[in-house]
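Keep in mind it's a predicted model, so treat the numbers as computed, not measured.
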Amino acid sequence: MLSESQAIAQLAGLLTDDFPKAVDLILRAEGRLIVTGIGKSAIIAQKIVATMNSTGTPSMFLHASEAIHGDLGMVQPGDVVICISKSGNSPEIKVLTPILKRFGNTLIAMTGNINSFLAKGADFVLDTTVEAEACPLNLAPTSSTTAQLVMGDALAVSLMELRGFKSEDFAKYHPGGALGKKLLLRVKDMLEDSHKPMVSPDAPVKKVIFEISEKRLGVTAVIDDNKVIGIITDGDIRRMLNNTDTIAGLTAKDIMTKNPKMIKPSDMAMDALNIMEDFSITQLVVSDQDDYKGIIHLHDILKEGIV
């Protein structure tokens, strides 16, 4: 781990003007970004492509071996090609490099050998030289592939910043799973009619208890002219029973908590969760311009798998 981290620490010192030029080229490209390599470098290329696609840079993986056996048809005019190779001298790379140049595509080399065939044939060179592999035999690609990965991440992050890529953009490409729900799911998406417990201010306590029990949310809103004026939780009911010998004559407005915490239907579900955590509560009133919409419960959020 220390060996690889040291290799990465030295990587920034190898950057030249070719890095910002490559970033600018990819940013302004009329076509896609094609990332190619062979062996372990091909696996790193696939990861870089995945990162680029999810952060707003249309990209495609091209295996260097398959490229020279027919898949070069994937490369179109206007595409920018990144070729990844530690040595820069593997047979497939030596065949592929001049072909790409004849196609007229701009070629960016990502290599650990700046004097290699690939580096000399490329338009721009991203130097990923490492002093040694973490492998005790200095053979298995370890530090070198980590350096390639980090260089690819640096390109992706630079492009994100230049594009002004925001969390809303990220969400468009990650609609599934917990990540997508954190970025996309809104309070209104979880509201149901059954999540709308309510009583009037003059409702007797017995009716309040019945409403809380029936809706099974541990709470009811106190509504006057469809406006929330208070809230009653099962905790309020228990405290009332501890403090009084009889509930006769008591109404909702006598035991309600005024000015409850609220959230709008258009707000993000994550915002609701953050409010609940900040105030150590498990329910929030949902209201839109004084129009009562219902209750969102902590369990609703947890059920969606957001956290």
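Exactly one of Asp236, Ile229, Ile231, Val208 qualifies for a side-chain contact (heavy atoms from CB on, under 4.5 Å) with Met256. That residue is Ile229.
Once rounded to the nearest 0.5 Å, the distance linking CD1 of Ile295 with CD1 of Ile263 reads 12.0 Å. Lys196 NZ to Ile223 CD1: the interatomic distance, rounded to the nearest 0.5 Å, is 8.0 Å. The CZ atom of Arg239 sits 9.0 Å away from the CG atom of Asn243 when rounded to the nearest 0.5 Å.
Among residue pairs with one or both ends in residues 73-94, those qualifying as salt bridge (Lys or Arg N to Asp or Glu O under 4.0 Å) are Arg32-Asp79, Lys86-Glu133; sequence neighbours excluded. Evaluation of the side-chain hydrogen bond (donor to acceptor under 3.5 Å, both in side chains) test over residues 56-72, restricted to residues two or more places apart or in two chains, returns Thr57-Arg163. Applying the ring-ring contact (aromatic ring centres under 6.0 Å, His included) rule to pairs touching residues 261-306 yields His297-His299, sequence neighbours excluded.
Using a distance-only test at 3.5 Å, with no hydrogens or angles considered, a donor-acceptor pair links the side chain of Thr111 to the main chain of Ser85. Remark: the backbone N or O of Asp288 is not paired with any side-chain donor or acceptor of Asp291 at under 3.5 angstrom. Between the Ser54 side chain and the Ala50 main chain, a donor and an acceptor come within less than 3.5 Å of each other.
Residue Phe210 shares its hydrophobic cluster (ILVMFWY side chains chained together at separations under 4.5 Å) with no other residue. Alongside Ile99, the hydrophobic cluster contains Ile34, Met60, Leu62, Ile68, Leu72, Met74, Val75, Val81, Ile93, Val95, Leu96, Leu100, Phe103, Leu107, Leu118 (criterion: ILVMFWY side chains under 4.5 Å).
Residue Ile82 is grouped with residue Ile48 when hydrophobic side chains (ILVMFWY) are merged at heavy-atom distances under 4.5 angstrom, including chains of intermediate members. Taking hydrophobic clusters as Ile, Leu, Val, Met, Phe, Trp and Tyr residues chained together by side-chain heavy-atom distances below 4.5 Å, Ile212 does not share a cluster with Leu217.
When the side chain to side chain donor-acceptor pair (under 3.5 Å) test is applied to Ser116, no partner is found at least two apart in sequence or on another chain. For Ala7, the side-chain contact (heavy atoms from CB on, under 4.5 Å) partners at least two apart in sequence or on another chain are Val130, Ser143. Considering only residues two or more places apart in sequence or on other chains, Asp254 meets the side chain to side chain donor-acceptor pair (under 3.5 Å) condition with Thr251. Shown here are the side-chain contact (heavy atoms from CB on, under 4.5 Å) partners of Lys188, two or more places apart in sequence or in another chain: Arg186, Pro265. Every residue two or more places apart in sequence or in another chain was checked for a side chain to side chain donor-acceptor pair (under 3.5 Å) with Asn89, and none qualifies. Arg28 is linked by a side chain to side chain donor-acceptor pair (under 3.5 Å) to Asp24, counting only residues two or more places apart in sequence or in another chain.
The two atoms that bring Pro98 and Phe117 nearest to each other are CD-CE2, 3.9 Å, heavy atoms only.
Residues Asp127 and Thr129 have side chains that bring a donor and an acceptor to within less than 3.5 angstrom of each other. A side-chain N or O of Thr146 and one of Glu4 form a donor-acceptor pair less than 3.5 Å apart.
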Expected list for residues 148-162: side-chain donor-acceptor pairs under 3.5 angstrom, two or more places apart:
residue: Gln148; atom: NE2; partner: Ser41; partner atom: OG; Å: 3.2
residue: Asp153; atom: OD1; partner: Lys47; partner atom: NZ; Å: 2.8
residue: Ser158; atom: OG; partner: Ala154; partner atom: O; Å: 2.8

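Surrounding NZ of Lys101 are more than 12 heavy atoms belonging to other residues, nucleotides or ligands, all under 6.0 Å away.
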Practice problem: Check the pair Ile108 / Asp123 against side chain to side chain contact (heavy atoms under 4.5 Å, CB included), numbers first and verdict last. | Solution: CA-CA 6 Å; Ile108 302 168; Asp123 297 287; over 6 Å; no
